[in-house]
Amino acid sequence: MSGSDEPSSGDGVVKQERALRTRQALIGAAAEEFDLYGYDGTTLSRVSSVAGMSLGAMTFHFPTKVHLADAVQQEGRAVTLAALERLSVEPITPLRMVIDLTLELTRLMEQEPTVRSAIRLGRERPGTEAWSDAWLPTVRGLLDRAYESGQLHTDALPADVTTLVEHLTSGAEAYLRTRMGSDPAFESAVAQLKRVWHLALVGVSAEASGVPRQADPPACEETDREETTR
């Protein structure tokens, strides 16, 4: 066989690049479908049609819907982790970092179908990793540092503020799913979240007396403490 008949390394690179582009196109099409119709409402034939390729070409890369959903969730997680890495180099305080992180997460939810799909698939596929698992540990670590450095009130415990962050991001997603596609002029969820964070930081009560007193601990908790001191 002559040298000209042998496959070159360049041919292999071209094939790999083509396969990668095909794979990414399929993941993008699947993300759109999963975002709109959920796991149960999405079919391989529909995804292949949206991607503009045959079902056989698609199943070469993703034999089943499980494989395809896994890839979409992994892509959404990768996009999220990349955003966290970019933010981590900013020279700002831990609390400011938490705020910026939630705004960036909300921006991703607005602009990245893979992220919205990762969120939805994490809910609809029991046993798979939740999207929040990619960023909640970072938030908790930042809030621990913020508390230790005196950025948080003494009664604003890191665990409670972490719960607040979870509710804020969940609320942003719910707002987006309600408004996206219904009104092209709907308010950005990022802009809305900025206002909510302002309220959270300055408080909403004009007087200290307006803050509800914490409920007394249940009698069973008091009993448990007595038992542990005996």
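The analysis underlying the following values was restricted to heavy atoms, covering all of them including side chains, and did not include hydrogens, waters or symmetry mates.
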Between [X] and [Y], is there a side-chain N and carboxylate O pair less than 4.0 Å apart?
| X | Y | result |
| --- | --- | --- |
| R120 | E124 | yes |
| R23 | E75 | no |
| R77 | D133 | no |

Looking at [atom1] of [X] and [atom2] of [Y], how far apart are the two atoms once the value is rounded to the nearest 0.5 Å?
| X | Y | atom1 | atom2 | answer |
| --- | --- | --- | --- | --- |
| T138 | L136 | OG1 | CG | 9.0 Å |
| M97 | L143 | CE | CG | 12.0 Å |
| E17 | T22 | CD | OG1 | 11.5 Å |
| L164 | T169 | CG | OG1 | 9.5 Å |

**Prompt:** Within the distance-only criterion (no hydrogens, no angle test), does the side chain of K194 pair as donor or acceptor with the backbone N or O of L103 below 3.5 angstrom?
**Reply:** no
**Asked** Is a donor on one side and an acceptor on the other found under 3.5 Å between the side chain of R145 and the backbone of P94?
**Response** no
Show the nearest heavy-atom pair for residues [X] and [Y], with the distance to one decimal.
| X | Y | answer |
| --- | --- | --- |
| D144 | P158 | OD1-CB, 3.2 Å |
| E110 | A189 | OE2-N, 2.7 Å |
| T128 | R125 | OG1-O, 2.7 Å |
| S117 | D35 | OG-N, 3.3 Å |
| A134 | L81 | O-CD2, 3.4 Å |
| V115 | G76 | CG2-O, 3.9 Å |

**Asked** Would R177 and E173 count as a salt bridge (Lys or Arg N to Asp or Glu O under 4.0 Å) if you check the C-alpha gap in whole Å, the side-chain angles of each, and the deciding distance to 0.1 Å?
**Response** CA-CA 6 Å; R177 290 202 178 280; E173 190 220 351; 2.7 Å; yes
**Fill in**
Quick note, ring-ring contact (aromatic ring centres under 6.0 Å, His included) partners involving residues 105-162, not counting sequence neighbours, are W131-W135
**Asked** Does any pair with a residue in residues 84-104 pass ring-ring contact (aromatic ring centres under 6.0 Å, His included), and if so which ones, sequence neighbours excluded?
**Response** none
**Request:** Just do the side chain to side chain contact (heavy atoms under 4.5 Å, CB included) check on R140 and V165 with the steps written out, would you?
**Result:** CA-CA 10 Å; R140 179 55 191 269; V165 170; over 6 Å; no
Test item: [X] and [Y] side chains (from C-beta on) under 4.5 Å apart, heavy atoms:
| X | Y | answer |
| --- | --- | --- |
| L199 | R195 | no |
| M58 | L55 | yes |
| Y39 | V72 | no |
| T102 | L168 | no |

Is there a continuous path of hydrophobic side-chain contacts, each under 4.5 Å between heavy atoms, that joins [X] to [Y]?
| X | Y | value |
| --- | --- | --- |
| F60 | L26 | no |
| L121 | V50 | no |
| L193 | I92 | yes |
| V196 | V202 | no |
| L87 | W197 | yes |

Verify whether one side chain among [X] and [Y] offers a donor that lies under 3.5 Å from an acceptor in the other.
| X | Y | value |
| --- | --- | --- |
| R96 | Q151 | no |
| S170 | H167 | no |
| Q111 | R107 | yes |

**Residue from V161, D100, L142, L152 passing side-chain contact (heavy atoms from CB on, under 4.5 Å) with L95** = L152
**Residue pair E104, L84: steps toward the side chain to side chain contact (heavy atoms under 4.5 Å, CB included) verdict** = CA-CA 9 Å; E104 178 63 12; L84 295 185; over 6 Å; no
**Item:** Steps toward side chain to side chain contact (heavy atoms under 4.5 Å, CB included) verdict (I27, F62)
**Value:** CA-CA 10 Å; I27 290 174; F62 302 104; 3.8 Å; yes
Which pairs would a plain distance check flag for residues 40-47, meaning a side-chain donor or acceptor within less than 3.5 Å of a matching protein atom at least two apart in sequence or in another chain?
| residue | atom | partner | partner atom | Å |
| --- | --- | --- | --- | --- |
| T42 | OG1 | E33 | O | 3.3 |
| T42 | OG1 | G38 | O | 2.7 |
| T43 | OG1 | S45 | OG | 3.3 |
| T43 | OG1 | R46 | N | 3.1 |
| R46 | NE | E33 | OE1 | 3.2 |

**Request:** Report the C-alpha distance between M109 and I119 in whole Å, list the side-chain angles of each, state the deciding distance to 0.1 Å, and finish with yes or no for side chain to side chain contact (heavy atoms under 4.5 Å, CB included).
**Result:** CA-CA 9 Å; M109 284 190 281; I119 297 171; 3.6 Å; yes
